[in-house]
Number of protein chains: 2
Amino acid sequence: MPSITTKYNKIYQDLKSKIEDKTYEAQELLPSEAILTSYYDCSRNTVRRAIANLALEGYVQSLHGKGVRVIYQPHAQSAYAFGNVESFHEASIRNGKIAKTEVPLFVELVVDQHIAKRTSFPVGIEIYYIQRIRCMEQKALIIDHNYFRKDVVPGLTKEIAKGSIYNFIENKLHVHIVTTKRVMTVEHVNQLDRKYLELGDYNCVAVVSNYTYNADGIMFEYTQSRHRPDYFAFYDQARRNSPEE
Amino acid sequence: MPSITTKYNKIYQDLKSKIEDKTYEAQELLPSEAILTSYYDCSRNTVRRAIANLALEGYVQSLHGKGVRVIYQPHAQSAYAFGNVESFHEASIRNGKIAKTEVPLFVELVVDQHIAKRTSFPVGIEIYYIQRIRCMEQKALIIDHNYFRKDVVPGLTKEIAKGSIYNFIENKLHVHIVTTKRVMTVEHVNQLDRKYLELGDYNCVAVVSNYTYNADGIMFEYTQSRHRPDYFAFYDQARRNSPEE
DNA sequence: TGGTATTTGTCCGTATGTATC
DNA sequence: GGATACATACGGACAAATACC
């Protein structure tokens, strides 16, 4: 969890904003690492770290012997940010939209074979199972099916579920959420999708399955988010490795 | 483009295989950086770099003051690897499956308003437009719509399109492909999807739009890949930043 | 409770290799 | 060949979080 007050992060933020406001324009090369090093009064490693993070988000690409090319292009906005774990609540704030969450179901369960297969939780442990309808500007966009391990996230209530569960986990329980694995698929709609989402003639939804690990390496959350296809986009940034041999 | 012969890459590969063959098991901590440093006879930075790359792929997560936790779990196989640009041809080899590509359409075009909107190419330039049906083990899984800038990728032919266009670009044209931006969406099927893909009663496809940049920062390829929903999965690995207050 | 050792995180400086121009 | 620029690698210092006694 990189603090926002580190030196490399400040440089990262500064370069990022200068790319976004076109101080450095697309296609151009950034000033060389040596120049940036003296400009920011830091070591070359620190500049390189900031640049590496920009490259991970698709703002620049480094070219051996040439320089660092800006390839940023202002995109259509997505509901979710690049490669970061971001809650619906946080995303809505970032987009400046009004969000609302309804909780039609909040129950405690014991994991059986069927749930185990879907969630990867061990059979027999106690969990919370929550259904949440995510609305933005009066439109129901997502149905979340949340499964939380009760031993890791005790004290969850329906009231908390209406707000940000992540807030509760981080601030009240002091669990630092570190890593999430995600799988994106497309599935047939089910009755619940039909009931809550305005799907028009779509018979599919975009499904994002989240597996979240805490600091002990325990997977304590499985969430399946079922999205209205016409309001769903998932952005990604990839780097090509030189092919082997 | 990290060479596979670098020291940090060898360490990365070694740790990765030891995680996969359970020399280091899930939930365990790796040996400390100090131990790994002496084991691999290298500097601490080099070990840290290998670990950082493992973390990016969801194999481990670093915990300040504690150690580096293994969180690898063998997953259901996907047609595509994590966060890497990988061609269909390469993916099929990795999966050990027999792949075939049909090319029902191969034309040269000049970009008009309509194409410009879809591809982000400037109006007026010459391009190749190619349709490719991707089959694996007799099943048509993907329809690719490829748009290549002719000035960057000259000499493309239908024969080349039946194999790996990336191979041609890298080996013959010596263009090193560096960065790709991807957007995943879900769209209604069109006539072509219906014609070539066995969609059953799905009326949607999973769509991956690729924007590929060369070393000059020029976007020279736009590809829209339309996938059969039941054979599509997209894996992702995310890290949570500490939320800003 | 407190102090110490361990472990990861940040940052620095330097040297050398390699690709581009 | 020489100058420039990024890539790799080393070693050291200190900070911060954790674990242990």
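Every chain is numbered from 1 and lettered A, B, ... according to where its sequence line falls, protein lines coming before strand lines. Every heavy atom of this structure was used, including side-chain atoms; hydrogens, water molecules and symmetry mates were not.
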In whole angstrom, what separates [X]'s [atom1] from [N]'s [atom2]?
| X | N | atom1 | atom2 | answer |
| --- | --- | --- | --- | --- |
| A:Tyr40 | C:dC11 | OH | C1' | 17 Å |
| B:Arg69 | C:dT7 | CZ | P | 14 Å |
| B:Ile35 | C:dT7 | CD1 | C1' | 10 Å |
| B:Asn53 | D:dA7 | CG | P | 14 Å |
| B:Asn45 | D:dA13 | CG | C1' | 12 Å |
| A:Gln61 | D:dC6 | CD | P | 13 Å |
| A:Leu54 | D:dC6 | CG | C1' | 16 Å |
| A:Ile51 | D:dT8 | CD1 | P | 13 Å |

**Message:** Both B:Lys7 and A:Gly65 contact DNA chain D. Which one's nearest nucleotide lies toward the 5' end?
**Reply:** A:Gly65

[X], nearest nucleotide to its side chain (from [options]):
| X | options | answer |
| --- | --- | --- |
| A:Glu33 | C:dG9, D:dC6, D:dT8 | D:dC6 |
| A:Ser62 | D:dG12, C:dT8, D:dC6 | D:dC6 |
| A:Arg44 | D:dA9, C:dC11, C:dA15 | C:dA15 |
| A:Ser32 | D:dA5, C:dT8, D:dG11 | D:dA5 |

**Prompt:** Do B:Arg149 and B:Phe220 meet the cation-pi criteria used here (NZ or CZ under 6.0 Å from the six-membered ring centre, within 45° of the axis)?
**Reply:**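 Judged by the rule (NZ or CZ under 6.0 Å from the ring centre, within 45° of its axis), B:Arg149 is not positioned above B:Phe220.
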
**Check against side chain to side chain contact (heavy atoms under 4.5 Å, CB included), B:Lys66 and A:Asp216** = CA-CA 10 Å; B:Lys66 277 181 118 166; A:Asp216 295 323; 3.2 Å; yes

Strictly below 4.0 Å: does [X] bring a side-chain N or O up to OP1 or OP2 of [N]?
| X | N | value |
| --- | --- | --- |
| B:Thr6 | D:dA7 | no |
| B:Thr46 | D:dT8 | no |
| A:Lys66 | D:dT4 | no |
| A:Tyr8 | C:dC11 | no |

**Prompt:** In terms of the nearest nucleotide of DNA chain C, which residue is placed more toward the 5' end: B:Asp216 or B:Leu30?
**Reply:**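 In this pair, the answer is B:Leu30.
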
**Message:** Taking the ring centre of each residue, are A:Tyr147 and A:Tyr128 less than 6.0 Å apart?
**Reply:** no

At less than 3.5 Å, do the side-chain atoms of [X] and the base atoms of [N] form a donor-acceptor pair?
| X | N | value |
| --- | --- | --- |
| B:His64 | D:dT18 | no |
| A:Arg49 | C:dG9 | no |
| A:Arg48 | D:dA5 | no |

**B:Lys181 bridged to A:Asp236 by N-O distance under 4.0 Å** =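 So B:Lys181 does not pair with A:Asp236 through a salt bridge.
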
**Request:** Say whether A:Glu57 and A:Tyr12, considering side chains only, have a donor N or O and an acceptor N or O under 3.5 Å apart.
**Result:** yes

**Asked** Atom NZ in B:Lys16, atom CG in B:Leu54: separation rounded to 0.5 Å?
**Response**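 Reported to 0.5 Å precision, the distance equals 7.5 Å.
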
